[in-house]
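This chain uses plain numbering: 1 for the first residue, then up along the sequence. Heavy-atom basis, side chains included; hydrogens, waters and symmetry copies ignored. The model shown is predicted, which means the values in this text are computed figures rather than measured ones.
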Amino acid sequence: MTTEIAQLGPWFHNLHLPNGEQTAPNHALGDFPAFKWQQIAPFIPEDLSGWQVLDIGCNAGFYAIELAKRGAQVLGIDVDPHYLRQAAWAAAQFGLEDKIELRQMQVYDLARLDRQFDLIWYMGVLYHLRYPLLSLDILSQKARNLMVFQTLTMPGEQEKETPNDFGLLDRKQMLEEGWPKMAFIEKRMAGDPTNWWAPNHAGILAMMRSCGFALKHQPGHEIYVLQVDEALRSKQQWNQSEYLSATGQDWQEAVQVKVADKNTYMNGQKNLK
């Protein structure tokens, strides 16, 4: 077993295997991600029998395995075949091959996947994406119930109630603490060239509301348990034709709605003169 662990290394998830061995006992972050799971686990139903779960960026499968242990049917996706090999091997060690399906996919590929999920596990991915809000728009169409979300953030926990509308010359308020923001990392953070974005707390909540999710629990720093909110979803502020174009689908018919809304807005501006 020790030889197989070494052959499959390096490991980013420290898995506690059934025989007592660990895959990364000397992890720089400690017992990762077990300490994060301990924070989140009490906010997830103990019995997930019948639940369809999506684990995005599943890595070596720690969360997929824990959720499958609770009875869920899990689809784990990752872009890295190295991690998928680890996850497949680990699932077999726990006897969970029939509960965990693994695919090499980007989060954007989910737009063309004809499935929905009762729980979406979306941890440690958003800040690595060049197009983060597109990923949330896609997931909003795949979610039936809950999403567990974690991302790198800007400092600060302030929240500011923002206006329904404001003028072009009234932009100074966007500099205030608590206004939803997302910092762009032009070069590198921690030596990683794929660290692109760091939203603040208010920005996370605002993006989630705009995608139809409401905050249910916040188990720990940078960790959010979100619930699909049909009232928010019905008011989802997005451009359907842009979404369809970005995900490689036919958009020409949907653009008529955008044009109609634009004409309404422009006519309103004329009436103000």
Side-chain angles (χ1 to χ4, degrees), residues 1-19 21-29 31-34 36-37 51-69 72-117 119-132 134-136 138-139 142-143 147-152 185 188-197 246-248:
M1 182 76 71
T2 302
T3 301
E4 290 178 281
I5 294 171
Q7 289 174 341
L8 285 165
W11 295 78
F12 188 61
H13 280 182
N14 183 37
L15 305 177
H16 293 246
L17 300 170
N19 71 348
E21 291 189 76
Q22 298 178 41
T23 57
N26 300 313
H27 200 297
L29 298 177
D31 193 6
F32 179 86
K36 287 190 178 293
W37 170 250
W51 284 47
Q52 294 290 318
V53 174
L54 172 63
D55 182 4
I56 303 163
C58 64
N59 204 278
F62 178 93
Y63 296 116
I65 288 167
E66 293 300 329
L67 296 165
K69 285 179 183 177
Q73 198 71 37
V74 183
L75 170 60
I77 69 169
D78 206 293
V79 298
D80 192 335
H82 170 76
Y83 290 138
L84 292 171
R85 285 192 295 271
Q86 291 179 341
W89 179 85
Q93 305 313 303
F94 286 90
L96 294 170
E97 305 99 312
D98 62 331
K99 304 291 288 184
I100 299 174
E101 175 189 0
L102 298 166
R103 294 194 197 182
Q104 186 180 18
M105 295 177 71
Q106 298 267 6
V107 64
Y108 312 114
D109 294 327
L110 294 166
R112 290 174 290 281
L113 186 69
D114 188 21
R115 290 172 65 177
Q116 286 195 313
F117 299 90
L119 170 61
I120 294 175
W121 205 267
Y122 194 29
M123 297 186 63
V125 176
L126 184 99
Y127 52 97
H128 293 303
L129 302 178
R130 289 282 288 192
Y131 314 105
L134 175 59
S135 75
L136 291 174
I138 291 169
L139 296 178
K142 303 300 173 184
M147 180 163 71
V148 172
F149 175 78
Q150 182 273 334
T151 189
L152 173 78
I185 302 165
R188 296 188 181 216
M189 173 183 279
D192 188 340
T194 71
N195 285 330
W196 291 113
W197 298 100
T247 54

Chemist: Aromatic contact between Phe32 and Phe12, with the criterion being ring centroids under 6.0 Å apart: yes or no?
Modeler: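 Between Phe32 and Phe12, the centre distance is under 6.0 Å.
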Chemist: Using 0.5 Å steps for rounding, measure from the CZ atom of Phe117 to the CG atom of Leu110.
Modeler: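 If I round to the nearest 0.5 Å, the distance is 6.5 Å.
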Chemist: Roughly how far, to the nearest 0.5 Å, is the CG atom of Leu126 from the CZ atom of Phe149?
Modeler: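 Here the rounded value is 4.5 Å.
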Chemist: So how far is it from Ile185 CD1 to Trp197 CH2, rounded to the nearest 0.5 Å?
Modeler: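 So the gap between those two atoms works out to 9.5 Å.
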Chemist: Specify the closest pair of heavy atoms between Thr23 and Leu15, including all atoms of both residues, with the distance to one decimal.
Modeler: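 For Thr23 versus Leu15, the nearest heavy atoms are OG1-N, 2.7 Å.
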Chemist: Hey, does Gln86 have a side-chain heavy atom less than 4.5 Å from the side chain of His13?
Modeler: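 No - every pair of side-chain heavy atoms lies 4.5 Å or more apart.
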Chemist: Is there side-chain contact between Leu113 and Leu75, with heavy atoms separated by less than 4.5 Å?
Modeler: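 Yes; the side chains approach each other to less than 4.5 Å.
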Chemist: Once you round to the nearest 0.5 Å, how far does CZ of Arg112 lie from CD1 of Ile138?
Modeler: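 So the gap between those two atoms works out to 7.5 Å.
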Chemist: Just how far is it from atom CD of Glu101 to atom CD1 of Ile77, taken to the nearest 0.5 Å?
Modeler: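 With rounding to 0.5 Å, CD (Glu101) is 11.0 Å from CD1 (Ile77).
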Chemist: Considering only heavy atoms from C-beta outward, does the side chain of Leu67 approach that of Trp37 to under 4.5 Å?
Modeler: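 The answer is yes, as the side chains (C-beta and beyond) meet within the 4.5 Å cut-off.
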Chemist: Is Leu84 close to Cys58 at the side-chain level, that is, under 4.5 Å between some pair of heavy atoms?
Modeler: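 Side-chain contact under 4.5 Å: yes.
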Chemist: I'd like to check the side-chain contact (heavy atoms from CB on, under 4.5 Å) partners of Tyr131; sequence neighbours left out, ordered by chain and number.
Modeler: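 For Tyr131 the side-chain contact (heavy atoms from CB on, under 4.5 Å) partners, ignoring immediate neighbours, are Tyr108, Leu134.
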Chemist: How long is the straight-line distance from OG1 of Thr2 back to CD of Gln7, given to the nearest 0.5 Å?
Modeler: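 Rounded to the nearest 0.5 Å, the CD-OG1 separation comes to 11.0 Å.
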Chemist: Within the 4.5 Å heavy-atom criterion, are Ile5 and Trp11 side-chain neighbours or not?
Modeler: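 Side chain of Ile5 against side chain of Trp11, heavy atoms only: contact under 4.5 Å found.
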Chemist: Side chains of His128 and Val79: closer than 4.5 Å at any heavy-atom pair?
Modeler: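 SC-SC contact between His128 and Val79 ruled out.
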Chemist: Less than 4.5 Å apart, any side-chain heavy atom of Pro18 and any of Phe94?
Modeler: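 In contact.
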Chemist: Tell me the closest heavy-atom pair linking Asp55 and Ala64, and the distance in Å.
Modeler: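 Shortest heavy-atom separation between Asp55 and Ala64 comes out as OD2-N, 3.4 Å.
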Chemist: So do the side chains of Ile65 and His16 get within less than 4.5 Å of each other, counting heavy atoms only?
Modeler: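 No, too far: nothing below the 4.5 Å cut-off.
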